[in-house]
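All ligand and atom numbering here is 1-based and tracks the order in the structure.
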Amino acid sequence: MERHRKLAAGNWKMNGLSDHLGEIAALIGSHGDATCEILICPPATLVAPMAAHAGSRIAVGGQDCHAEANGAHTGDISAEMLRDAGATYVITGHSERRADHGESDEAVRAKTEAGWKAGLVVILCIGETLDQREAGETLSVIDGQLAGSVPEGATGDNLVIAYEPVWAIGTGKVPSVEQIAEVHDHIRKTLSERFGTGTADAVRLLYGGSVKPGNASEIFAVDNVDGALVGGASLKADDFGGIISALEG
Ligand code: 13P
């Protein structure tokens, strides 16, 4: 299976009101014909208006979904609802969800299956804390998260893995290129042992954590890095545009 186009994904987290949609218009103006795929995951309130604004140039995704399609779950949103609002992607297992909402690997797995059932491509996030890295546990943490949260049935069409070291998120600290390479190589190898080389090669592996226009080229030059999941720097079209340009090479 052939690998898909490289992916520049923005995660707006809990940021953005409707007047922020102007950033999408600016991004389409500057990078609408980019050769890589561009995705923005805005807060749920902006999924439908952003999908209407973005047309076919920029994909839109949710930041989380419930494991069930509907039911008595006040405040939650289902993958089916995201799809209905115009999303084609959903993020699962972000470390902020794992930390703030106690999401286990098992819960992330169920949400990922729900995303697939609704026809969404899932960006599943994994990554170690600083304590785990300093204890030399990075690869075993990654192994545990992959085994626990990636369901059977993964393909290059339905799954993207984002490696986001928790200590690099929003901190301005970025792992060395050697550290990124070690983890991304390990993820590819682990996927290949479980799903076969063809599938493992087709699944895109994103790096996330303090990616900025100034460090993006160096990160994208690392083997097995197929794009980025960007938080803060995805909020402004200028910054995100710089990262997209770096990904295009
Ligand atoms: P920052 O790019 O703000 O560090 O956030 C990364 C992230 O968590 C993306 O999901």
Taking side chain as C-beta onward, heavy atoms only, is [X] less than 4.5 Å from [Y]?
| X | Y | value |
| --- | --- | --- |
| Ser78 | Asn70 | no |
| Asp239 | Lys212 | no |
| Lys13 | Ile169 | yes |
| Pro43 | Trp12 | yes |

Side chain or backbone, does [X] bring an N or O within less than 3.5 Å of an N or O on ligand 1?
| X | answer |
| --- | --- |
| Lys13 | yes |
| Glu164 | yes |
| Ile169 | no |

What atoms of ligand 1 come within less than 4.0 Å of a heavy atom belonging to [X]?
| X | result |
| --- | --- |
| Gly209 | 4 (O), 6 (C) |
| Asn11 | 9 (C), 10 (O) |
| Ser210 | 1 (P), 2 (O), 4 (O) |
| Gly232 | 1 (P), 2 (O), 3 (O) |
| Leu229 | 9 (C), 10 (O) |

| request: Before giving the answer on side chain to side chain donor-acceptor pair (under 3.5 Å), spell out for Tyr163 and Gln145 the whole-Å C-alpha distance, their side-chain angles and the decisive distance to 0.1 Å. | output: CA-CA 11 Å; Tyr163 168 54; Gln145 291 174 330; over 6 Å; no
| query | At the 4.0 Å heavy-atom cut-off, does Gly170 count as touching ligand 1? | reply |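 Gly170: in contact with ligand 1 (<4.0 Å).
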| task | Could you check which of Gly231, Ala168, Gly127 puts a non-hydrogen atom nearest to atom 1 (P) of ligand 1? | result |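 It is Gly231 that holds the nearest heavy atom.
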| task | Answer yes when Arg133 and Glu128 have at least one side-chain N-carboxylate O distance shorter than 4.0 Å, and no when they do not. | result |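 Glu128 and Arg133: salt-bridged.
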| message | When you measure from the side chain of Tyr207 to the backbone of Gly209, do you find a donor-acceptor pair of N or O atoms at a distance under 3.5 Å? | response |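 Yes, Tyr207 side chain to Gly209 backbone: donor-acceptor pair under 3.5 Å.
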